[in-house]
Each structure stands twice: as structure tokens, then as C-alpha cells.
Enquirer: 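The following block contains the structure, expressed as C-alpha cells.
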Amino acid sequence: MNGNGGYELPLLTTRRVIETLLVVIALLIGIYFLFPRLVGLGSSLDRLGEAEAVWIAVAIGFELTAVATYIAMFKAVVGGDALRLRWAETYEINLAGLAATRIFSAAGAGGIALTYWALRKAGMQRHEVARRMVAFLTLQYVFYPLALIVFGVLLRTGVLPGKSSVELTVIPASVAGLILVFGVLATLIPPDLPQRLAAHVNRPKARALADKVARAPVTVGEGLRFGFGLLIHPGRGGLAVVGAAGYWAANIGILWASFKAFGVHVPLAVVVQGFFLGMVGNLFPLAPAGVGAVDAGMIGAFVLFGIPEETVFPAILIYRLVAFWLPIPPGIVAFFQLRKRVAHWEEEGLPADRDRPPRKLSTAAETSEVA
């Protein structure tokens, strides 16, 4: 917090940038240079010259689509009727958030922190920011377990071609099903949970603590209900649903094009399943934004699916260069644009105050104005 009660952004300190870059460089060298040579595959860079430029261009096109659909989803869920963000403002918040997600922390924590900061600076109330962010993440990530279940079942039953071993289909689908069940159960958290807990606590300090602790699950429940509501009733959140589905489809398209760049045909179901299995590495806490963990996860998944190792390494490297590293430079630019934008908001007016009816003057005030 700053002296004015505003929320300050704890990112982009010199020390943090240097530490992150050192870890990232070490992980990339280990995965794409040292490990392939140790197992007799040579360096992944040796094969990059074999990639067809047309498919690289296709991958970049999919990346542009992924960014566009992500921005559309954000504007529909987090903005919408709650915050009148313009498209340029939405672009800056999201591109800066994507860069922060890729540079700092695991499981997207850096991007969440930056987005929270931007929305609070835009004038959105703390509770509404939290509720909308939970809804946004719910709608974004609900396709993750759904895809693992659908394509896991289709692969296992032989409806779609591809390796169908239990550890690549049934187990991921089962875990994904449990995650969905827990998510649905969380929507049942009652809005009056703080009051219910307070009724069983006598001491004032304990009652205040119970009220404070209960607010977090209540907000999560509200956000989950909001997010699932948009999914179930697309007429209410059509742009949000299309944006979420389009974001994942475009990312999978980047991976598909990366394999095609080396002349390798990978069945669609295998691409989808391998993609989502590898993305679990994002949860690894010691890897900044999943760097190294996601790479290793995807490489391992596709090798288990029977894709030749000498193709998997360069294809995943191409995918990560396009999907992960390409948005970082414009994201950093957007971050500094966003800081200027925030200063402009503070001087000229906040987005949260747009379209509000002007405050009605009292009779005395009106007389004073006329005078």
C-alpha cells in the first residue's frame, strides 16, 4: 500500500528481474542444450534451420489470435457492465499481465498481481475485482479439465487415433473430473457464511476474525457461480465463452503448427492431450512462469505418446518461442504504457466513474451556481 491507500505493484524490481533471468537461462540451457546432447540427440538448435517458414508464420498467426481472444474474454468478464474499459486500456492491462505472468512467479501469480493493481487503479472496488478475477480464471481454466476428460475418453475408447495408455488418458481424465467436482461444490458456498460462523462465536475478536476468514471462500464461491453462469448461459456471456475457447484453441494451433514445421503429423487428440498434460508444469512453484517445467512436461508427454524425440525437442522449442517468449517484448512496452495510463486516470478521471450520472445539486447549491 502507498501513502494514499493505493495498491502498489511489487514487480519489476532490478533484483527480481536479474534473479528470474538467471533461473530462466539456466533452465533453458539444461533442457534444450545439455540434456539432448547427454541422450545422444544433439542440440535442439541444430534442427531449427529445418523448420518450414510457412508453418512458423502460421504459428505466429495463431499466437495473434490467442492474444486477441484473451483480451476479448477479459473485457467481457472483468470489464463488461462493471468497468467501462476501452479496448486500448484492455489491451495494455492484458499484454502487461501476460508479460508479468511469463516473467514472474508460478501459476500466473505475476499476471494476477498486475491485473489486480490495474483494476484497483481503475477504480473498481476490492471485492468486485476479486469476484471478477475468480470468474475470469474459472471461465479460462474450465476448458482445461474438460479437454482432458473429453480427449482422454476419446483416445482410450479408440474413437480418435493415438496412444491410449491409462497413464495418458484415464488417470488425467479422472484427476480432471475431481477438479471439476470440487469446483462445482465450491459454488455452493453460501453468501451468508460470515454471519453463520459469527452466530457460533461469542468473543468479539474471534467473531471479527471469523468474519474476515469467511470472506475469501464467499468471494471464491461468488466468482465461480458468475463464471459457470457465463458458460452455462452463453447468451449472457457469449464473447467471454468464445474468447476462452478461442484462447486455448489458438494455443493448441501453435503447437500443431510447430510440429508441422518439421513435417511431422501428430493426431489432433494427441496434440490436445499432450498440450494440457505438459501445461501442468505451470504449477511447479520453483520455475518462473513454468519455464523449464512446462517444456519438460510437454517433451515428456509427447515422447510417451510415441512421437520421435529428435522431433519433439525442436517442435516444443518453436512452440515456446512463439507462445511464451514472443508476447514478452510488446508486454513490457504495454506495462510502461499502462503506468502512464494510470497516471492519466488519476488526473483526468477513473474508468469506474465513466457513464455515471452527474451528481444532482441541492437547491441551495443550484442557487449558488446560478449566482
Enquirer: Would you mind listing every side chain to side chain donor-acceptor pair (under 3.5 Å) that reaches into residues 252-264, with sequence neighbours excluded?
Expert: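 Residue pairs with at least one partner in residues 252-264: there are none.
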Enquirer: How far does CD1 of Ile189 sit from CG of Leu224, to the nearest 0.5 angstrom?
Expert: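 The distance works out to 7.5 Å.
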Enquirer: Of the non-hydrogen atoms in Ala59 and Ile254, which two are nearest, and what is the gap between them?
Expert: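 That would be O-CG1, 3.5 Å.
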Enquirer: Quick check, are the ring centers of Phe151 and Phe276 under 6.0 angstrom apart?
Expert: no
Enquirer: Per the salt bridge (Lys or Arg N to Asp or Glu O under 4.0 Å) rule, what does the pair list look like for residues 214-226, sequence neighbours excluded?
Expert: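 Residue pairs with at least one partner in residues 214-226: Asp211-Arg215.
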Enquirer: Could you check whether any side-chain heavy atom of Leu231 comes within less than 4.5 Å of a side-chain heavy atom of Phe143, counting everything from C-beta outward?
Expert: yes
Enquirer: To the nearest 0.5 Å, how far apart are CG in Leu83 and CE in Met124?
Expert: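 Here the rounded value is 4.5 Å.
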Enquirer: Can you tell me how far the CG atom of Leu268 sits from the CD1 atom of Ile252, to the nearest 0.5 Å?
Expert: 7.5 Å
Enquirer: To check you understand the geometry: which heavy-atom pair defines the closest contact between Val166 and Pro172, and what is its length?
Expert: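 Looking at all heavy atoms of both residues, the closest pair is O-CD, 4.0 Å.
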Enquirer: Could you state whether Val242 and Leu137 fall into the same hydrophobic cluster, counting links through intermediate Ile, Leu, Val, Met, Phe, Trp or Tyr residues with side-chain heavy atoms under 4.5 angstrom apart?
Expert: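 No, it is not one cluster - the side chains of Val242 and Leu137 are not joined through contacts under 4.5 Å.
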Enquirer: Can you check side chain to side chain contact (heavy atoms under 4.5 Å, CB included) on Ile307 and Val303, steps first, answer last?
Expert: CA-CA 5 Å; Ile307 310 302; Val303 169; over 6 Å; no
Enquirer: To the closest 0.5 Å, what do you measure between OG1 (Thr138) and CG (Leu230)?
Expert: 10.0 Å
Enquirer: How close do Leu350 and Gly123 get, heavy atom to heavy atom, and via which atoms?
Expert: CD1-CA, 3.8 Å
Enquirer: Kindly indicate, with the supporting measurements, whether the criterion side chain to side chain contact (heavy atoms under 4.5 Å, CB included) is fulfilled by Val77 and Leu239.
Expert: CA-CA 9 Å; Val77 178; Leu239 179 61; over 6 Å; no
Enquirer: Here's a test for you: under side-chain contact (heavy atoms from CB on, under 4.5 Å), which of Tyr319, Phe62, Tyr70 qualifies with Asn251?
Expert: Tyr319
Enquirer: So which heavy atom on Ala66 is nearest to which on Tyr247, and how close?
Expert: O-CD1, 3.5 Å
Enquirer: Can you measure from CD1 (Ile318) to CZ (Arg320) and round to the nearest 0.5 angstrom?
Expert: 13.0 Å
Enquirer: With sequence neighbours excluded, tell me which residues meet side-chain contact (heavy atoms from CB on, under 4.5 Å) with Ser165.
Expert: Lys163, Glu167, Leu168
Enquirer: Quick one about Trp345 and Glu89 (side-chain donor to acceptor, distance below 3.5 Å, no hydrogens or angles considered), yes or no?
Expert: yes
Enquirer: My understanding is that only one of Glu346, Glu92, Glu347, Glu348 makes a salt bridge (charged side-chain N to carboxylate O under 4.0 Å, His left out) with Arg341; could you say which?
Expert: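 Among the candidates, only Glu92 passes.
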Enquirer: About how many Å separate CG of Leu326 and CD1 of Ile60, when rounded to the nearest 0.5 Å?
Expert: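 Output value for this atom pair is 6.0 Å.
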Enquirer: State, to 0.1 Å, how close Ala240 and Leu139 come at their nearest heavy-atom pair, and which atoms those are.
Expert: CB-CD2, 3.3 Å
Enquirer: Run the side-chain contact (heavy atoms from CB on, under 4.5 Å) test against Thr90 and tell me which residues pass, sequence neighbours left out.
Expert: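 Thr90 satisfies side-chain contact (heavy atoms from CB on, under 4.5 Å) with Ile71, Phe74, Lys75, Leu85, Asn94 only.
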Enquirer: Answer yes or no: is there a donor N or O on one side and an acceptor on the other, between the side chain of Trp248 and the main chain of Gln140, under 3.5 Å?
Expert: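 Present.
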Enquirer: Output every pair passing salt bridge (Lys or Arg N to Asp or Glu O under 4.0 Å) with a member in residues 226-235, not counting sequence neighbours, ordered by first then second residue.
Expert: none
Enquirer: Show the numbers, then the answer: is there a side chain to side chain contact (heavy atoms under 4.5 Å, CB included) between Trp55 and Val58?
Expert: CA-CA 5 Å; Trp55 288 109; Val58 171; 4.1 Å; yes
Enquirer: Decide if the gap between the ring center of Phe275 and the ring center of Phe302 is smaller than 6.0 angstrom.
Expert: no
Enquirer: Show every salt bridge (Lys or Arg N to Asp or Glu O under 4.0 Å) that has at least one partner inside residues 181-192, sequence neighbours left out.
Expert: Asp192-Arg196
Enquirer: Between Val220 and Arg131, does the side chain to side chain contact (heavy atoms under 4.5 Å, CB included) criterion hold? Intermediate values first, please.
Expert: CA-CA 7 Å; Val220 170; Arg131 189 175 78 94; over 6 Å; no
Enquirer: Return the minimal non-hydrogen interatomic distance between Met298 and Ile316, and the atom names on each side.
Expert: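 Result for this residue pair: CB-CD1, 3.9 Å.
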